[in-house]
Participant: 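Once you've had a glance at the structure underneath, I'll fire off some questions.
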Amino acid sequence: MVHKVGELPTEPGGGQYHFPLMAYDHRSIETGWQKRWEEQGLYRSRVDWEKPKHYAVTMLPYPSGDLHIGHWYAMTPSDARARFMRMRGFNVLFPMGFDSFGLPAENAAVQRGVHPAKWTYENIDRMRGQLRSMGAMFDWEREIVSCEPGYYGWTEEIFRRMFEEGVAYRGEAMVNWSPALNTVLANEQVIDGKDERLGQPVIQKMMSQWFFAITKYADELLSYHGTDWPEPIKAMQNNWIGRSEGAFVDFTVEEGDAAGEKVRVFTTRPDTLWGATFMVVAPEHPLVDRLTTDDHRDAVTAYTDASSKRTELERTADDKEKTGVFTGGYATNPVDGEPVPVWVADYVLVSYGTGAIMAVPAHDGRDFAFARKFGLTITPVIHPAGEEPLDEPTMTDAYVGSGVMVNSGPIDGIEVTDAKGRANPAIAAALDWLDANDAGEETVNYRLRDWLISRQRYWGTPIPMIHRADGTVEPTADADMPVVLPEDVVFSGRSPLGELPEFLNTVDSDGNPATRETDTMDTFLCSNWYFFRYLSPNYAEGPFDPEEAAYWLPVDSYTGGAEHAVMHLLYARFFNKVIRDMGFFEETHQIMSAHGRDPGNDLDEPFKMVRNQGQILGEERIGDRVVVDGEMDGNRFVATSMKVDPAAQVGDGAIVGELMRRKERAMQVFDGTEMINVEVPEGALVDIPAIPGDNDIHQLKHHLEIERMSKSRGNVVNPDDLVELYGADTVRTYLMFAFEWTKGGPWNSKGIMGSQRFIDDVWKIGTVDYEAQNSSADADATLLRRCHQAIDRVQNGMESFKFNTSVAALMELRNSMTVVARDGSVSIEAWNEAVSIMLRLLAPIAPHITEQLWTDRGHDGSVHVAQWPQFDPALAAEDTITMVLQVNGKVRDRLDVPAQITETDAEELALASERIQEFIGDKTVRKVISRPPKLVNIVAN
RNA sequence: GCCCGGGUGGCGGAAUGGCAGACGCGGCGGAUUCAAAAUCCGCUGUCCGAAAGGGCGUGUGGGUUCGAAUCCCACUCCGGGCACCA
């Protein structure tokens with residue numbers, strides 16, 4: 001790919017190109033600079049209290065084997081932004097590491113007989129090389145690898161402290177057990193009753209496990225004080241934490257074994273207590289046995305046994321139909337002293353609230369369905385606003401709207417709104433009544449459960465605890481810390497730690513024989529605090545060096561995928577608060593203060609700003625040949641049948657052509673001349689030979705659908721190949737330009753050509769033997785204006801994570817400069833200034849080519865430590881502006897006017913326009929809106 | 001069901017109250033070439049019109065405003081999260 005020395009077309013400008021012989025050769029230039037930067041230590045970051053700091057982190061990868069395009073998509077803009085901040089005068093830290101404990105390593109060991117450590121380290125080596133090819137400014141001196149004892153030993157230490165503080169505890173609870181993964185899982189790792197890794201069903205088991213008391217922090221986790229996070233992420237976390245305000249109310253058991261005992265329920269609607277006509281307890285509720293009367297015992301036992309055998313998935317899958325049995329027992333409703341029957345049903349979950357509910361069938365859909373099915377009493381206590389009172393026999397649904405309380409004794413007549421908690425007058429009145437009558441207590445309940453962190457797996461951080469012979473647990477002694485994962489083990493798919501006597505057997509603090517904990521920690525713990533370890537990866541006195549922490553913390557910008565919203569991002573916030581409360585930041589605070597930095601609330605949250613990138617999907621599948629039958633309906637064709645058939649000929653059906661893409665409701669088929677919208681109704685016959693069995697519209701959509709990249713789909717875009725072909729700078733530019741970063745989208749293998757042309761043009765601009773032909777001061781000012789407009793736009797895009805607009809601004813500058821280069825219309829000084837600005841603006845995005853050109857053009861030092869061009873609004877301002885003239889809001893004429901034009905002058909010019917007068921005609925001018933210099937709008941009728 | 005985010009050309013997208021479609025891909029026409037690639041020049045929302053020009057146009061319907069892709073109300077569709085959560 002060598003460009004010719006060119007006497008290229010001279011029209012219309014009349015100038016000549018003087019392009020050099022050599023095109024931009026990314027192969028020789030990019031790796032060369034990567035090496036030089038490394039040797040020069042260009043990206044080392046040091047604490048410097050004289051300079052403002054910026055700590056930027058992009059989520060560290062799991063060393064799965066190869067860096068994929070998604071990593072590049074996530075990391076490149078983060079790197080560019082870190083570089084941009086550095087050029088703007090910040091002392092920037094941008095580190096990288098590997099989240100290297102986890103299941104895939106262990107699976108590789110089982111399947112291929114490779115030790116997880118070997119597999120992991122080989123992958124890390126390969127990925128390190130791939131990351132270098134990106135040309136990112138990672139400070140490799142600060143790299144962390146979480147499977148090294150130097151890292152996980154500190155996780156263990158933090159665990160020991162958490163145990164002492166009671167934040168880490170061993171508890172017996174109903175937990176999620178994955179038979180497929182051979183381990184328990186946290187609630188966050190179970191989606192729709194299946195594990196998030198393999199999608200295999202998870203069952204409920206009572207087990208003794210290690211937990212972190214994240215619920216203690218539920219309220220603080222709902223506040224994001226001092227942070228700038230995407231609203232959807234906060235919404236997801238809030239949703240997950242699930243705070244509900246309500247009350248505990250005690251119902252007293254009437255007779256039988258449990259007579260006099262209280263059954264506590266949680267309710268968010270204490271106002272409806274007077275309508276509570278029965279109670280339901282979960283099958284696992286501890287009082288079930290004693291509530292059950294002898295004549296109901298067989299039925300209840302049968303029911304609870306059956307439900308214990310069902311998985312979470314089964315319980316929720318066959319949803320609608322409620323099941324349950326009567327215990328025979330009764331409890332007293334405290335508000336009116338009425339006895340209500342107590343039932344057992346699995347629609348009440350033992351894990352939420354108190355595992356028991358008061359049922360208000362008139363005003364709760366689930367209770368209503370249950371009451372109707374089992375013929376239980378329904379008592380309405382809300383009179384719907386502006387309607388007839390509810391009539392029990394004719395009700396077909398629970399009434400959940402607003403109105404006025406009725407049949408509710410002391411709170412009769414009080415208004416019920418749609419508001420939650422005390423903001424609802426009826427709820428407030430009920431809470432006050434409960435308090436005054438000692439019948440219940442106002443409370444807050446959370447959906448969030450404590451974090452189950454033990455895993456019955458080998459390749460993870462050891463839990464530094466010892467099981468004593470007497471059944472109690474104690475932390476590993478200081479001298480034995482950290483507990484190092486033994487390497488010489490045999491893999492069978494089950495954790496080998498329990499079968500390794502030299503690991504298992506130890507002594508307790510009294511010298512008695514004891515055993516080590518063989519479970520390891522959830523790998524999400526590793527990523528809880530790695531951004532602290534980056535600060536001082538070799539620090540031996542603690543998890544992080546307070547001297548570094550005082551300067552760098554907190555993380556100023558954190559970027560990564562939104563899929564971590566309720567796992568990593570929530571856990572990391574929790575851990576940060578725990579570390580703070582255990583006093584790890586005390587010294588850090590002192591050092592901050594000593595340097596005159598007020599710690600304030602800075603260390604309450606780990607990440608000041610979070611931004612999420614979208615996902616790169618596989619390239620769209622188009623061009624399948626299809627045969628469609630059906631008939632035209634308006635401008636769309638409604639199909640009765642659609643068949644994918646590569647050999648289809650014209651005449652095989654009403655429409656034969658290529659399937660182009662899926663619109664919202666229609667498929668588009670291109671028959672060679674026009675694009676036809678084809679609607680495929682649910683009942684239409686669909687035949688896709690590639691998908692066996694009966695096909696329908698959904699499979700057709702799926703067939704076309706742009707999917708996540710995966711090896712099995714064969715749609716993986718390999719960044720190494722792209723770098724080889726186009727160079728890292730082109731790939732970086734394309735990834736930053738092609739999508740709205742937060743959104744992502746399908747890969748387009750042709751689109752990258754635009755970025756390649758851009759990079760080639762930059763090379764031409766930077767190397768052209770520029771000759772001023774007929775330059776003028778005006779042209780100089782115009783070019784400088786374009787440059788300053790570009791500075792503004794590039795800067796804004798970088799700051800607001802709208803990287804595509806930054807690249808677009810640079811492409812526009814390229815367009816202007818290409819014309820200037822051809823015409824020679826500016827002075828050599830103006831040209832050099834413009835090139836210098838352009839190179840600096842582009843440096844964060846395309847670091848290699850800009851560095852080469854910067855050096856070649858005789859600048860001292862690296863472009864990456866050059867100062868960002870100072871934006872000057874005066875230089876960016878146009879002196880003439882096209883003013884739009886409107887009549888009744890429609891554009892009718894345009895005029896070039898001085899930017900400084902006054903309101904009156906603009907108005908006069910507008911009224912003087914012939915075209916405007918034509919449109920005004922014989923109408924009367926009612927009003928003139930003058931917004932100089934952009935617009936004048938004349939209202940006439 | 002509840003909670004978020006979104007709907008703009010053939011495509012990715014720009015414009016946050018003031019010229020809709022910047023920038024790029026693709027397409028069309030032309031130059032160069034034996035030819036192709038690459039490169040260069042021009043056109044490219046849609047309808048009417050020979051043109052000048054005009055009508056329409058940011059999911060749908062309504063509203064606020066001199067003026068709405070942008071603000072408000074209702075609906076609809078797409079994506080995501082949560083979900084017998086009491």
Side-chain angles (χ1 to χ4, degrees), chain A residues 1-4 6 8-12 17 19 23 191-192 230-240 242 244 246 265-269 272 280 315-316 319-320 322 345-349 351-360 364-367 369-370 400 445-447 562-563 565-566 620 622 660-661 663-665 668 670 675 734 737-740 742-755 757-758 760 793 802 804-805 807-812 814-815 818 822 882-891 894 915 926-929 931 934-940:
Chain A
M1 253 203 321
V2 172
H3 298 286
K4 286 180 188 165
L8 289 156
T10 53
E11 276 200 327
Y17 289 93
F19 287 135
I191 298 161
D192 293 335
E231 288 303 324
I233 299 293
K234 291 200 271 186
M236 279 188 237
Q237 292 206 353
N238 291 347
N239 221 330
W240 187 260
S244 356
V265 303
F266 172 73
T267 178
T268 56
R269 293 299 302 272
T272 61
V280 187
R315 271 200 186 191
T316 48
D319 47 3
K320 304 291 177 276
K322 297 269 180 296
D346 66 4
Y347 82 89
V348 173
L349 309 176
S351 56
Y352 185 78
T354 62
I357 63 156
M358 64 174 204
V360 184
D364 179 282
R366 296 150 301 177
D367 298 345
F370 194 80
V400 292
N445 192 55
Y446 300 91
R447 192 187 156 280
E563 68 275 14
V566 292
E620 206 169 359
I622 60 168
M660 294 315 282
R661 69 173 19 237
K663 298 278 279 186
E664 267 178 27
R665 303 180 94 139
Q668 290 192 316
F670 184 70
M675 193 72 81
Y734 181 59
F737 176 66
F739 313 90
E740 199 185 321
T742 54
K743 208 169 135 197
W747 180 256
N748 176 350
S749 49
K750 284 187 178 144
I752 195 169
M753 292 306 297
S755 300
R757 284 177 200 130
F758 170 68
D760 279 345
R793 291 174 57 199
K802 292 180 146 195
N804 52 344
T805 64
V807 178
L810 281 160
M811 284 177 167
E812 280 184 61
R814 172 269 311 258
N815 293 344
T818 303
R822 186 179 63 194
T882 303
M883 184 167 74
V884 171
L885 306 183
Q886 299 182 329
V887 176
N888 294 330
K890 282 187 195 291
V891 180
R894 294 181 176 84
R915 291 198 30 83
R926 301 289 173 193
K927 204 172 180 181
V928 180
I929 316 286
R931 293 281 178 275
K934 279 188 147 177
L935 159 142
V936 175
N937 184 17
I938 292 155
V939 186

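Quick note on labels: first sequence line is chain A, next is B, and so on, each numbered from 1. Computed from a prediction, not measured in an experiment: that's the story for all the values here.
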Participant: According to salt bridge (Lys or Arg N to Asp or Glu O under 4.0 Å), who are the partners of A:Asp364, at least two apart in sequence or on a separate chain?
Facilitator: A:Arg366
Participant: Expressed as a whole number of angstroms, how long is the span from A:Phe758:CZ to B:U39:C1'?
Facilitator: 18 Å
Participant: With a 4.0 Å limit, can you tell me whether A:Lys802 has a side-chain N or O closer than that to the phosphate oxygens OP1/OP2 of B:A15?
Facilitator: yes
Participant: Are A:Lys234 and A:Gln237 side-chain neighbours, meaning at least one heavy-atom pair lies under 4.5 Å?
Facilitator: no
Participant: Write down the distance between CG (A:Asp364) and C1' (B:C84), rounded to a whole number of angstrom.
Facilitator: 9 Å
Participant: I need the minimum non-hydrogen distance between A:Ala359 and A:Val280, along with the two atoms involved.
Facilitator: CB-CG2, 4.4 Å
Participant: Do A:Thr272 and A:Met358 have side chains that approach each other closer than 4.5 Å (heavy atoms only, starting at C-beta)?
Facilitator: yes
Participant: Can you give the dot-bracket line for RNA chain B, using ( ) for pairs inside the strand, [ ] for pairs that cross earlier ones, | for pairs with another strand and . for unpaired bases, where Watson-Crick and G-U count if both distances are under 3.5 Å?
Facilitator: (((((((..(((.....[....)))((((((.......))))))((((....))))..(((((..]....))))))))))))....
Participant: Please classify the nucleic acid contact of A:Arg757 as base, sugar-phosphate, or nothing, using heavy-atom distances under 4.0 Å.
Facilitator: sugar-phosphate
Participant: I need a per-nucleotide contact map over nucleotides 65-70 of chain B, read 5' to 3'. Cutoff is protein heavy atoms under 4.0 Å; write B for the base, S for backbone only, - otherwise.
Facilitator: -BS---
Participant: On a whole-Å scale, what distance lies between the C1' atoms belonging to B:C25 and B:U44?
Facilitator: 13 Å
Participant: Could you work out, with side chain to side chain contact (heavy atoms under 4.5 Å, CB included) as the rule, every residue matching A:Thr882, not counting sequence neighbours?
Facilitator: A:Arg894, A:Asp896
Participant: Expressed as a whole number of Å, how far does the P atom of B:C71 sit from that of B:U8?
Facilitator: 16 Å
Participant: Taking the C1' atom of each, how far is B:G59 from B:G5, in whole Å?
Facilitator: 16 Å
Participant: Could you tell me whether the side chain of A:Lys934 has a donor or acceptor atom within less than 3.5 Å of a complementary atom in the base of B:C19?
Facilitator: no
Participant: Would you tell me if any nitrogen or oxygen in the side chain of A:Ser244 comes within less than 4.0 Å of OP1 or OP2 on B:A86?
Facilitator: yes
Participant: Say we look at B:A15 and B:U76: how far apart would their C1' atoms be, to the nearest angstrom?
Facilitator: 25 Å
Participant: With sugar-phosphate meaning primed atoms plus P, OP1 and OP2, does A:Val884 contact a base, only sugar-phosphate, or nothing at under 4.0 Å between heavy atoms?
Facilitator: base
Participant: Both A:Pro232 and A:Gly353 contact RNA chain B. Which one's nearest nucleotide lies toward the 5' end?
Facilitator: A:Pro232
Participant: Rounded to whole Å, please give me the gap between CE in A:Met811 and P in B:G24.
Facilitator: 6 Å
Participant: Output all residues satisfying side chain to side chain contact (heavy atoms under 4.5 Å, CB included) with A:Val566, sequence neighbours left out; order by chain, then residue number.
Facilitator: A:Met236, A:Trp240
Participant: Just call it for A:Lys890: base, sugar-phosphate, or nothing, with non-hydrogen atoms closer than 4.0 Å on any strand.
Facilitator: sugar-phosphate
Participant: Which residue, A:Ala235 or A:Glu812, contacts RNA chain B at a nucleotide closer to its 5' end, judged by nearest heavy atom?
Facilitator: A:Ala235
Participant: Mind calculating the distance between CG (A:Asn748) and P (B:C25) to the nearest angstrom?
Facilitator: 10 Å
Participant: If you only use heavy atoms from C-beta on, which nucleotide in B:A22, B:G26, B:A86 is closest to the side chain of A:Arg366?
Facilitator: B:A86
Participant: Please state how far atom CH2 in A:Trp240 lies from atom C1' in B:C2, giving the value in whole angstrom units.
Facilitator: 16 Å
Participant: Indicate whether OP1 or OP2 belonging to B:G13 is found under 4.0 Å from a side-chain N or O atom of A:Lys743.
Facilitator: yes
Participant: Applying ring-ring contact (aromatic ring centres under 6.0 Å, His included), can you list everything that pairs with A:Phe370, at least two apart in sequence or on another chain?
Facilitator: A:Phe278, A:Trp343, A:Tyr347, A:Phe374
Participant: What contact category does A:Asn445 fall into here, base, sugar-phosphate, or nothing, at under 4.0 angstrom with non-hydrogen atoms?
Facilitator: nothing
Participant: Given the P atoms of B:G10 and B:G45, what is the spacing between them in whole Å?
Facilitator: 10 Å
Participant: Closer than 3.5 angstrom, by distance alone: can the side chain of A:Glu740 be matched with the main-chain N or O of A:Lys802 as a donor-acceptor pair?
Facilitator: no
Participant: To the nearest 0.5 Å, tell me how far A:Ser244 OG sits from A:Arg269 CZ.
Facilitator: 13.0 Å
Participant: Answer with base, sugar-phosphate or nothing: what part of the nucleic acid does A:Phe739 contact at a heavy-atom distance below 4.0 Å?
Facilitator: sugar-phosphate
Participant: Rounding to the closest angstrom, what is the interatomic distance between B:G79 and B:C84 at atom C1'?
Facilitator: 25 Å
Participant: Have a look at B:G55 and give me syn or anti from its glycosidic angle (syn if within 90° of zero).
Facilitator: anti
Participant: When the distance from CE of A:Met236 to P of B:G5 is rounded to whole Å, what number comes out?
Facilitator: 11 Å
Participant: Kindly say if A:Asn239 contacts the phosphate of B:C4, meaning a side-chain N or O under 4.0 Å from OP1 or OP2.
Facilitator: no
Participant: If you only use heavy atoms from C-beta on, which nucleotide in B:C84, B:C82, B:G53 is closest to the side chain of A:Lys322?
Facilitator: B:C84
Participant: Quick one: CE on A:Met811 to OG1 on A:Thr818, what's the gap to the nearest 0.5 Å?
Facilitator: 11.5 Å
Participant: Taking the side chain as every heavy atom from C-beta outward, state whether A:Asn888 and A:Val939 have any atom pair closer than 4.5 Å.
Facilitator: yes
Participant: Respond yes when some side-chain nitrogen or oxygen of A:Arg822 is under 4.0 Å from OP1 or OP2 of B:C41, and no when none is.
Facilitator: yes
Participant: Could you state the OH-C1' distance from A:Tyr734 to B:C25, rounded to the nearest angstrom?
Facilitator: 7 Å
Participant: Under 4.0 Å from OP1 or OP2 of B:C82: is there any side-chain N or O of A:Asn238 that close?
Facilitator: no
Participant: Given atom CG of A:Asp367 and atom C1' of B:C85, what is their separation to the nearest angstrom?
Facilitator: 12 Å
Participant: What interatomic distance, in whole Å, is found between C1' of B:G24 and the corresponding atom of B:G18?
Facilitator: 26 Å
Participant: Kindly give the heavy-atom pair with the smallest separation between A:Asn804 and A:Phe737, and that separation in Å.
Facilitator: CB-O, 3.4 Å
Participant: Could you tell me how far B:G62 sits from B:C47 if I compare only their C1' atoms? Round to whole Å.
Facilitator: 26 Å
